[in-house]
Amino acid sequence: MRAAATERRPAIPDDEPITFPDAPRAELDRALGELVEQARKVLDTQGRLRALVRANRAVVSHLELPVVLRTIIEAAVELVGARYGALGVIAEGGGLEQFIHVGMSDDVVSRIGHLPEGHGLLGALIDDPRPIRLDSIADDPRSSGFPAGHPPMTAFLGVPITVRDSVYGNLYLTDPVSGGFTEDDEQLVKALAANAGFAIDNARLYAETVARQAWSASAAEMTASILGSDAAEAHEEFASRAAALLGARSVVVLGTAEADEVAPMLGRNDGPVGDAGLLLDNDRVRSAVEGGQPTRLEELSGYPLADGGEPGPALVVPFDGKTGSPEVLIAVRASDEAPFTAFELERAVTFSRQAALAMELAEARADRERVALLEDRARIARDLHDHVIQQLFGVGLELQSVQSALGAGRLADRIDGTVNSLDDAIAQIRTAIFSLSHQQGPGGSLRHRLLDIVQEVGEGLPRPATVSFSGPVDLVSDAALADDVAAFVREGLTNVVRHAGADTATVDVVASADEITVDVADDGAGIGETSRRSGLANLSERAERRAGVLSVESTPQGTRLRLRLPVPAERVR
């Protein structure tokens, strides 16, 4: 029975294939394909995220603002595989202040000419700071086309960069290698732009910190320099340091001006070029000066720069100068340079006030030193008068008494010569006393005026010129007579210095109740036939106008000019 049942089972062929239903097989293939695609996307996303991390690391690894800006655009181009990229920094008044680009060669840039100014699509992103993504630039109605020589560009991606809730600039990317920008590209660039905003803010803060340190250090050095040097050079020191800190081509410091007068030029950094009147002819400059309001100007035209360039942006900083008198600092850059910033204006105001304080302290110190010097001179003058002259006068009287006892003879003659030498010494000491004493009146006495002229002009000789006085010089001379005598001495000494070839010169002034006589003598080569004739003619005319006489004695051993002027009648009474 069991054997029979076994024999009735059908046989299964060995070569029959195993098959599955079509529907489950298709579902499996699709699931496997989706899994592979998702894996590819995950790997691609991971790669792009790693690229974003690298880009962010590169952006935040620098502190110098120019380097940070270029690193940002280079990182953005690499992140989305763009061929061209640029970063435009927005100016305060709109448009583009800076335009940093990558991807174009120097020859192409030179062929294009000027850089974009913020029109077309660039301007649209400035006006409405929201991302713009286009497959074709030419198809967008906001596009204004490209200038001649510009390479063709198709796809476009623009993303704003914000710093502290304000738009600092925009990223512009074109022509990706993939043919078009995707939503993922836009999100990546937006993430990079957010980090770039922090990097730019840090770079700006770092730059401001470095700049503040430079301003503070320069202000300290300037204060020490002004306090330790000649006050007359203080404004030049101030202008030179301000020019270096501001990066200005020209910096001038002007004083105040009375009605119908030109403002005096107190100091500048670039030599005697330009005219203060040209600066004050500008309405905005004049308004800032009159209102005492520090101002930034986009352009200051008409004022020549020392290097011949065209003037551009300017700073006008009025401030209280020495002793509280109004002054103004004007800094000018070339027309192709960046405008001054609000930070630079603020630092220039602080720097100007500190310079004014330093100059006021220097002037106060100089006043104290002058007072101490005058007091010391007065003490020396009193000692010379009360002690030295009296002793010399006593010695002279004693010698004269000895001379009377000896009677006539060679010894008496020698004593007489010694007494005359003592009289000359007393006269010279009295001249020194006058030079050490305080000047009287606003113009000073005639003695002091002549002492100043001899010191000023006579220093041009190998040996300084000397001056001596005899008689009541200041008593008999009025203002007009003093002017004529001073002019004669100045002209005479000037001729000696310029033409005589002299080693030294002397000025002798003798006054009596009737006339005043002034001699200017030198040890030069004489007048000759052609030199100093015009000057002598002027002196002769001056003498004739006052009913005086000019005489000239000239030999190869020297020249003596003598001016004799009558004393005004009211001075005699």
Side-chain angles (χ1 to χ4, degrees), residues 44-45 47-48 51-52 54-56 58-59 66-91 94-162 167-197 200 336 338:
D44 185 60
T45 301
R48 304 196 77 177
L52 178 61
R54 289 195 301 271
N56 286 332
V59 166
V67 178
V68 169
L69 296 179
R70 178 159 290 277
T71 303
I72 290 171
I73 187 58
E74 289 175 349
V77 166
E78 182 180 356
L79 183 62
V80 296
R83 183 178 181 184
Y84 304 107
L87 191 154
V89 179
I90 300 176
L96 295 178
E97 179 181 298
Q98 296 183 59
F99 192 80
I100 305 162
H101 57 86
V102 296
M104 289 191 295
S105 65
D106 294 339
D107 293 339
V108 173
V109 174
S110 177
R111 188 164 62 248
I112 294 173
H114 66 84
L115 294 174
E117 299 175 354
H119 305 299
L121 275 176
L122 307 188
L125 193 56
I126 294 173
D127 298 335
D128 185 11
R130 289 183 296 181
I132 298 177
R133 180 160 51 94
L134 302 172
D135 291 331
S136 176
I137 297 175
D139 294 340
D140 193 280
R142 294 169 295 183
S143 175
S144 59
F146 298 107
H150 197 285
M153 295 180 179
T154 54
F156 174 85
L157 177 60
V159 175
I161 299 175
T162 58
V167 179
Y168 176 82
N170 296 307
L171 277 173
Y172 308 109
L173 303 167
T174 63
D175 289 13
V177 293
S178 60
F181 292 108
T182 65
E183 176 68 24
D184 289 343
D185 292 331
E186 181 177 332
Q187 294 303 321
L188 287 172
V189 175
K190 286 171 64 177
L192 178 63
N195 253 357
I200 290 172
D336 58 347

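For this chain, numbers begin at 1 and follow the sequence in order.
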Intermediate values then yes/no, side-chain contact (heavy atoms from CB on, under 4.5 Å), M153 and R83: CA-CA 9 Å; M153 295 180 179; R83 183 178 181 184; over 6 Å; no

Which pair of non-hydrogen atoms, one from F181 and one from A82, has the smallest distance, and what is that distance? CZ-CB, 4.3 Å

Non-hydrogen atoms of P160 and L125 that approach each other most closely: CD-CD1, 4.4 Å

To the nearest 0.5 angstrom, please state how far the CG atom of D128 sits from the CZ atom of R142. 8.0 Å

Heavy-atom closest contact (P176 atom, A155 atom, distance): CD-CB, 3.7 Å

If you measure from CD1 on I137 to OG1 on T174, what distance do you get to the nearest 0.5 Å? 6.0 Å

Between CD1 of I90 and CG of N170, what distance do you get to the nearest 0.5 Å? 4.5 Å

Taking all non-hydrogen atoms of both residues, which atom of Y84 and which atom of P151 are closest, and how far apart? OH-CB, 3.6 Å

Nearest non-hydrogen partners of D175 and P152, listed with the distance: OD2-O, 3.4 Å

Determine, stepwise, if the pair I132 / D140 fulfils side-chain contact (heavy atoms from CB on, under 4.5 Å). CA-CA 11 Å; I132 298 177; D140 193 280; 5.6 Å; no

How many angstroms lie between CG in D106 and CE in M104, if you round to the nearest 0.5 Å? 10.5 Å

Less than 4.5 Å apart, side chain to side chain, heavy atoms only: is that true for L192 and L188? no

Start with the C-alpha gap between L173 and I73, add the side-chain angles, then the distance that decides, and say whether side-chain contact (heavy atoms from CB on, under 4.5 Å) holds. CA-CA 9 Å; L173 303 167; I73 187 58; 4.0 Å; yes

Do you know the tightest heavy-atom contact between L87 and L171? CD1-CD2, 4.1 Å

Is there a side-chain contact between V68 and T71 in this structure, where contact means two heavy atoms from C-beta onward sitting under 4.5 Å apart? no

Derivation and outcome, side-chain contact (heavy atoms from CB on, under 4.5 Å), residues E186 and V80: CA-CA 9 Å; E186 181 177 332; V80 296; over 6 Å; no

Kindly check if the number of other-residue, nucleotide or ligand heavy atoms within 6.0 Å of CG (D127) is above 12? yes

Listed partners of H150 passing ring-ring contact (aromatic ring centres under 6.0 Å, His included), at least two apart: F146

